[in-house]
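Just below is one structure, and these are the notes that go with it.
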Protein chains: 2
Amino acid sequence: MTGLTTDPGIRDQVLAAADRLFYARGVQNVGMDAVRSEAGVSLKRLYQVFPSKNALLGEVLRRRSETWDAGLAEASAGATTSREHLLAIFDFLDGWFRSDDFRGCVFVNTFAELGAVSPEVAAVARAHKSRFHRYVEGLVAELGGTADLAAQIALLVEGAQVTAAITGSPVPARQACAATETLLAAIG
Amino acid sequence: MTGLTTDPGIRDQVLAAADRLFYARGVQNVGMDAVRSEAGVSLKRLYQVFPSKNALLGEVLRRRSETWDAGLAEASAGATTSREHLLAIFDFLDGWFRSDDFRGCVFVNTFAELGAVSPEVAAVARAHKSRFHRYVEGLVAELGGTADLAAQIALLVEGAQVTAAITGSPVPARQACAATETLLAAIG
DNA sequence: TAGCCTAGAGAACGATCGTTCTCCCCGCAA
DNA sequence: TTGCGGGGAGAACGATCGTTCTCTAGGCTA
């Protein structure tokens, strides 16, 4: 009927393929042709759905931010207290660090790669981190902790991701968790 | 006399220029021509001193590792106890985070950009982090702390660098310092 | 069946980049 | 003064990449 037939499945396929490749190799090490192959879609279609690589990257990042939230929510499913919600973050990290394709935080990686030359990328990274920071702040406040304590815990989460990526080991999740427990114990 | 006249000043100029540009924009966003211009050296000379961009990057990273050590040593100059040496790390970070051109840890950035496609880059990043980790471990051991405590402090240092880079604020240095003091206080 | 719209495959294009090559000039030895 | 070897500037080359264009085949409408 209309020439703009855009099967929603195609959009998802492309996003999933781009996400996989960008994350695994770095954005600049992945050509649009590789995305096309991985997605099993023609180049024409690809550019019909996303007008440029930058637009595609933007959507990939937006989706990763949602995926992060979803993973966090899933790991917090059994949590009842604020403390449990807080510590569930580290369960989430632990599971993630153990996955075969783990290669650090997409936002940190993309910021490192393109943040200096792309204000949009820098803004998306900042927004994601800021949102997570507020999430932690809310939980810590419920436990009677200060904003500074929340910031400290966020640093541990950040450090765990970077360290797990570079060392290839999942233990930073447990270490960051233990440190958080120590910090929480010092609230009183 | 010999055709291999390689003024040692030129080598330093090139390294300094490459370091500045790679760090400011990301390795892949800097062409060899830009390095050449920044260094004020002919392309021929550049390739006489460093046979390839990869070789140049390798040397830049090696030098950054030394610069890190030197900065740490300088910030620790007045420290006498192990505790002071440990806390001096955060003075070092604070000064660094406040510098205009701060853009995170070179090793983390380069790992994010090239670690997946360049085993050498990944290895250099790992080696640097591992060396710093051992440094912290030594200091913490002198204070009667465990290796796990050292790892926790290292996570704070890592997290502070990433967070300062993305937010553009120097406060993570202070926050990581405060968290470290809390963790140290819990040793007993 | 005839005509047309669409989509796919991939060639083509223009830009960039790492690396090498050419050309020209300068300073030095005889 | 006359060659000559080395160095500088930048053109050139080959590869890659983002993006667009062309060509062809196929399916739907009348």
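Chain letters run A, B, ... following the sequence lines, proteins first and then strands; every chain starts at 1. Predicted, not measured: the structure shown is a model, and the values here were computed from it.
With rounding to whole Å, Asp33(B) atom CG is found 12 Å from dT16(C) atom P. What separates CG of Leu21(B) from C1' of dC17(C) is a distance of 15 Å, to the nearest Å. Residue Arg36(A) contributes atom CZ, which lies 12 Å from atom C1' of dA11(C) at whole-angstrom precision. In this structure, Ile10(A) places its CD1 atom 13 Å from C1' of dT6(C), rounding to the nearest Å. Atom P of nucleotide dC17(C) and atom CZ of Arg25(B) are separated by 10 Å, given to the nearest angstrom. As a whole-Å value, the separation of Asn54(B) CG from dC17(C) P is 16 Å. One interatomic measurement links the two molecules: CD of Gln28(A) to C1' of dA15(D), which rounds to 17 Å at whole-angstrom precision. Atom-to-atom, CE of Met32(A) to P of dG18(D) comes out at 7 Å; the value is rounded to the nearest Å.
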Only pairs under 3.5 Å count here: list side-chain donor-acceptor contacts from residues 115-128 of chain B, not counting sequence neighbours, and write none if there are none.
from: Ser118(B); atom 1: OG; to: Glu120(B); atom 2: OE1; distance (Å): 3.0
from: Ser118(B); atom 1: OG; to: Val121(B); atom 2: N; distance (Å): 3.2
from: Arg126(B); atom 1: NH1; to: Ile166(A); atom 2: O; distance (Å): 3.4
from: His128(B); atom 1: ND1; to: Ser65(B); atom 2: OG; distance (Å): 2.9

Output side-chain donor-acceptor pairs under 3.5 Å for residues 148-163 of chain B, partner residues at least two apart or in another chain, one line each.
from: Glu158(B); atom 1: OE2; to: Lys129(B); atom 2: NZ; distance (Å): 2.6
from: Gln161(B); atom 1: NE2; to: Val157(B); atom 2: O; distance (Å): 3.3
from: Thr163(B); atom 1: OG1; to: Gly159(B); atom 2: O; distance (Å): 2.8

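With sequence neighbours excluded, the residues that form a side-chain contact (heavy atoms from CB on, under 4.5 Å) with Ala34(A) are Leu21(A), Arg25(A), Val30(A). Under the rule for a side-chain contact (heavy atoms from CB on, under 4.5 Å), the partners of Tyr47(B) that lie at least two apart in sequence or sit in another chain are Met32(B), Leu43(B).
Glu59(A) and Arg62(A) are joined by a salt bridge, as a carboxylate oxygen and a charged side-chain nitrogen come within less than 4.0 angstrom of each other.
When each of Gly40(B) and Val30(A) is assigned the nucleotide of DNA chain D bearing its nearest heavy atom, the one mapping closer to the 5' terminus is Gly40(B).
Proximity note for Tyr47(B) (side chain, C-beta onward) versus dG10(D), dT20(C), dG8(D): the nearest is dT20(C). When distances are taken from the side chain of Gln48(A) to each of dA7(C), dG8(C), dG7(D), the shortest belongs to dA7(C). Comparing dA9(C), dG18(C), dG8(D) by their nearest atom to the side chain of Lys53(B) picks out dG18(C).
A cation-pi contact, defined as under 6.0 Å to the ring centre and within 45° of the axis, is absent between Arg64(B) and Phe22(B).
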Pick out the pairs of N or O atoms, protein on one side and nucleotides 21-28 of chain D on the other, that lie under 3.5 Å.
none

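Between Ala88(A) and Ala75(A), the shortest heavy-atom distance links the atoms CB-O, 3.5 Å.
Summary of helix geometry: the two end axes of the helix from dT1(C)-dA30(D) to dA30(C)-dT1(D), each defined by five base pairs via their C1' atoms, are inclined to each other by 30° (rounded to 10°).
Other residues, nucleotides and ligands contribute over 12 non-hydrogen atoms within 6.0 Å of the CD atom of Glu84(B).
In this structure, Val35(A) reaches neither bases nor backbone, as no heavy-atom distance under 4.0 Å exists between it and the strands shown.
Taken together through direct or relayed side-chain contacts under 4.5 Å among Ile, Leu, Val, Met, Phe, Trp and Tyr, Leu114(B) and Val106(A) form part of one hydrophobic cluster.
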